Amino acid sequence: MNEYITYQLLKIIKHNGNIWDLIDDGYEFGQVTYFINHLKELNYIYTKQNGITTITDDGQAYIVNFETSNKITKYSKWILPRKEMWNKPVSQSYIYIPKG
């Protein structure tokens, strides 16, 4: 599991999001489950007695360090970074229509 996946999963768990972005990127549900279990082993997340999974202080520190080292600005934190957009610029005539 790379740093980007770790960051993306932590952000999803922190904001009670869904994992469909990972599924759309080609990961399977079993892989995502493995990633989540790995985050528990690293003590980045834990499950409360009521069944809600939350981020630990170590997980929050990982998010802060990742955002600092990758220069993720204040406003870009609202949207999960998409790795395919990091490597190739979008043309001026490109029209983006979000799903859903």
Side-chain angles (χ1 to χ4, degrees):
M1 181 165 71
N2 64 28
E3 292 178 349
Y4 174 78
I5 298 294
T6 302
Y7 173 73
Q8 192 171 11
L9 264 176
L10 287 173
K11 291 290 281 189
I12 288 170
I13 293 169
K14 179 178 180 180
H15 297 291
N16 197 24
N18 65 42
I19 60 167
W20 281 106
D21 283 339
L22 295 175
I23 302 302
D24 290 341
D25 284 345
Y27 294 100
E28 297 178 1
F29 288 104
Q31 290 174 305
V32 175
T33 303
Y34 172 79
F35 295 155
I36 290 171
N37 287 335
H38 186 66
L39 291 178
K40 286 181 182 178
E41 291 171 3
L42 293 173
N43 197 32
Y44 287 164
I45 61 174
Y46 72 100
T47 304
K48 297 178 182 179
Q49 289 183 357
N50 59 4
I52 297 173
T53 301
T54 58
I55 295 181
T56 64
D57 291 338
D58 293 340
Q60 183 61 35
Y62 183 90
I63 290 173
V64 170
N65 290 336
F66 184 87
E67 290 172 349
T68 303
S69 65
N70 290 296
K71 298 182 176 106
I72 297 175
T73 62
K74 176 181 173 184
Y75 298 109
S76 63
K77 292 179 191 177
W78 297 344
I79 302 171
L80 285 174
R82 299 187 63 108
K83 62 185 169 197
E84 68 268 9
M85 300 303 274
W86 287 7
N87 298 328
K88 61 179 181 179
V90 177
S91 70
Q92 292 178 342
S93 62
Y94 181 79
I95 299 172
Y96 175 74
I97 301 174
K99 293 181 188 178

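In this text the structure is predicted, and so the values were computed from the model without any measurement.
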Do you know which two heavy atoms are closest between [X] and [Y], and how far apart they sit?
X: Ile55; Y: Gln60; value: CG2-N, 3.4 Å
X: Ile36; Y: Ile45; value: O-CD1, 3.6 Å
X: Glu28; Y: Ile23; value: C-CD1, 4.0 Å
X: Leu10; Y: Leu39; value: CD2-CD1, 4.2 Å

Reported [atom1]-to-[atom2] distance for the pair [X] and [Y], which is rounded to 0.5 angstrom:
X: Asp21; Y: Lys11; atom1: CG; atom2: NZ; result: 13.0 Å
X: Ile5; Y: His38; atom1: CD1; atom2: NE2; result: 12.0 Å
X: Asn65; Y: Asp58; atom1: CG; atom2: CG; result: 10.5 Å
X: Asp25; Y: Gln31; atom1: CG; atom2: CD; result: 11.0 Å
X: Thr54; Y: Lys14; atom1: OG1; atom2: NZ; result: 11.5 Å
X: Tyr4; Y: Leu9; atom1: OH; atom2: CG; result: 10.5 Å

>> When you compare the side chains of Tyr62 and Glu3, does any donor N or O come within less than 3.5 Å of an acceptor on the partner?
In response: no
>> What I want to check is whether the side chains of Lys40 and Thr47 have a donor and an acceptor closer together than 3.5 Å.
In response: yes
> Going through the distances and angles, do Asn70 and Tyr7 end up as a side chain to side chain contact (heavy atoms under 4.5 Å, CB included)?
Replying inline: CA-CA 11 Å; Asn70 290 296; Tyr7 173 73; over 6 Å; no
>> Tell me if the CG atom of Asn18 is crowded by more than 12 foreign heavy atoms within 6.0 Å.
In response: yes
> Cluster question for you: counting only ILVMFWY and a side-chain heavy-atom cut-off of under 4.5 Å, with indirect links fine, are Tyr46 and Phe35 together?
Replying inline: no
> Do Ile13 and Phe29 sit in the same hydrophobic cluster, where Ile, Leu, Val, Met, Phe, Trp and Tyr count as joined when their side-chain heavy atoms come under 4.5 Å apart?
Replying inline: yes
